[in-house]
Structures are given as structure tokens and as C-alpha cells.
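These values consider heavy atoms only, across backbone and side chains, with no hydrogens, waters or symmetry-generated copies. Worth saying up front: this structure is predicted, and the values here are computed from it rather than measured.
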Amino acid sequence: ALHTERSEQIQAKRAASLVETLKISSQPSLRQLCLLMVQPTFDLARADVEFRRYVQAFGHQLAISESSPLELVSDKGGGGASGQETGTLLRKVLPLLDEDDYRRRMEAAIMLCSASMHYQARQKRAFRGHQSDLFLHNLVDALVGLLSAPVSPETLALKQHHKDA
């Protein structure tokens, strides 16, 4: 019940942010989309100590799960309509990734966000002040890098080897 309540809060916050973002541009930048991935949870944790405790208690769950974090998120509604729309927009700004690479990168992004938010929630000033703003924007920078990095020749060779096998 707590997961459902918190998920609904995140979805509502993301939906409102997505509406504002789409007013500026029908195709937001990768950075804007990455911000939509993490800022709703960040803002809720900043505003509510109970939400902060939730992030601290459960933030690492996706990162340490034995199941695909993308499947776990999808099974719970994929972040609701706002999460699904954000995913659709993300897919559009990442055309150089094939479906397998996109999926792997999104799984890594979910794990990175989950583990990072869990760690941040455990800090003394957690989601308050200049250091927390720096945390948020560094996390967004890391997501942009993770999602936009070119597929390496090594990865391409391994994929080709797997196809040939």
C-alpha cells in the first residue's frame, strides 16, 4: 500500500512537470527528460520527511533486485501515464540505440537512480541545501552520459558474436 501511495505521488508530480516541459517544447532534450526521471522523487523527498524515509528504506530495492529493474517498473505501471510518455520521449531522443541497447541502458539508469537516491536519503542534510541541488544535477549529468554514450566497438563486436553463435 505504501509503495502504491508513493508511486502515485511521484506519477502526479511527474505528470505536472511533464505538462510544463511540453509547453516549452514538444520534444524535450535528453537532459530535460532525465530530470523528469529523478526530480519528482527528489522534490517529494525534499518536501516531506516521511517520503524521505520511504526513499531511504526502499530506494535500493530496484538496484539490488534479482529481476530486471525495467520489468519491475513496468509491472507497476511503468511510472503511470507520465512515466510511459517520458519513456516514449526518451526513445525518440536516443535513435542511435537499438532496442536491446536502449533496454540495457534504461535498466542501468533505473539502478543508478535507485541506488543514488537511497544513498542521498541517508545523508545528514539529505535533500536540503546546495549540496542536495548539486547531487540532483550530477545525477542528471550521469544519466545523460549513460544514455547518450555511443555504443562501443567492443559492445558491437560482442553483439555480432552473439548473433553468429
Side-chain angles (χ1 to χ4, degrees), residues 3-4 6-45 54-55 58-121 134-165:
H3 283 299
T4 300
R6 297 304 185 202
S7 181
E8 287 171 359
Q9 287 178 290
I10 294 167
Q11 290 171 29
K13 186 103 173 128
R14 184 184 310 107
S17 296
L18 183 58
V19 166
E20 292 304 310
T21 299
L22 292 173
K23 283 181 184 177
I24 297 167
S25 171
S26 62
Q27 183 53 65
S29 70
L30 177 56
R31 183 171 178 71
Q32 289 170 311
L33 294 168
C34 288
L35 200 54
L36 283 171
M37 290 172 64
V38 295
Q39 189 154 16
T41 301
F42 181 88
D43 288 347
L44 289 164
Y54 167 77
V55 172
F58 299 106
H60 68 293
Q61 191 173 27
L62 289 172
I64 64 170
S65 173
E66 292 182 19
S67 300
S68 158
L70 192 55
E71 287 177 17
L72 288 172
V73 169
S74 297
D75 288 347
K76 297 181 190 245
S82 64
Q84 291 173 354
E85 187 170 357
T86 301
T88 299
L89 291 166
L90 273 166
R91 191 66 192 107
K92 286 181 184 175
V93 299
L94 298 167
L96 298 178
L97 297 177
D98 68 23
E99 286 305 314
D100 287 339
D101 291 329
Y102 176 77
R103 181 180 180 79
R104 285 185 191 98
R105 300 273 180 103
M106 286 305 297
E107 286 183 343
I110 292 167
M111 289 187 287
L112 174 63
C113 290
S114 298
S116 296
M117 294 293 267
H118 166 75
Y119 175 78
Q120 182 65 18
L134 190 57
F135 160 79
L136 173 66
H137 288 282
N138 272 309
L139 178 56
V140 171
D141 291 345
L143 287 170
V144 169
L146 169 68
L147 294 172
S148 65
V151 178
S152 70
E154 294 84 359
T155 298
L156 290 171
L158 288 165
K159 287 171 60 173
Q160 186 60 46
H161 177 75
H162 179 72
K163 282 183 185 176
D164 294 341

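Between Val55 and Ala45 the shortest heavy-atom distance is CG2-CB, 4.4 Å. Met117 approaches Phe42 most closely through the heavy-atom pair CE-N, 3.4 Å. Residues Gln11 and Ser82 come closest through the heavy atom pair O-OG, 3.2 Å. Summarising the geometry of Cys113 relative to Val38, their closest heavy-atom pair is SG-CG1, 3.3 Å, with the distance given to 0.1 Å. Between Met37 and Leu90 the shortest heavy-atom distance is SD-CD1, 3.8 Å. Here the closest heavy-atom approach between residue Leu89 and residue Ser26 is recorded as CD2-O, 4.0 Å.
Annotation: side chain of Arg91 is in contact with side chain of Glu99 (closest heavy-atom distance under 4.5 Å). Within the 4.5 Å cutoff, no side-chain heavy atoms of Leu96 are placed close to those of Val151. The shortest side-chain heavy-atom distance between Lys159 and Asp98 falls under the 4.5 Å cut-off.
Within the structure, salt bridge (charged side-chain N to carboxylate O under 4.0 Å, His left out) contacts touching residues 143-154 (residues at least two apart or in different chains) do not occur.
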**Request:** Check the pair Glu20 / Lys23 against salt bridge (charged side-chain N to carboxylate O under 4.0 Å, His left out), numbers first and verdict last.
**Result:** CA-CA 5 Å; Glu20 292 304 310; Lys23 283 181 184 177; 3.2 Å; yes

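Between the side chains of Gln9 and Arg6, at least one donor-acceptor pair of N or O atoms lies under 3.5 Å. No side-chain donor from either of Glu8 and Thr4 sits under 3.5 Å from a side-chain acceptor of the other.
Annotation: side chain to side chain donor-acceptor pair (under 3.5 Å) contacts of Asp100 (sequence neighbours excluded): none.
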Listed pairs under 3.5 Å, donor-acceptor, residues 137-150 side chains, sequence neighbours left out:
| residue | atom | partner | partner atom | Å |
| --- | --- | --- | --- | --- |
| His137 | ND1 | Arg31 | NH2 | 2.9 |
| Asn138 | ND2 | Leu134 | O | 3.1 |
| Asp141 | OD1 | Arg31 | NH1 | 2.6 |
| Ser148 | OG | Val144 | O | 2.6 |

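Between the OG1 atom in Thr41 and the CD1 atom in Ile10 there is a gap of 3.5 Å [rounded to 0.5 Å].
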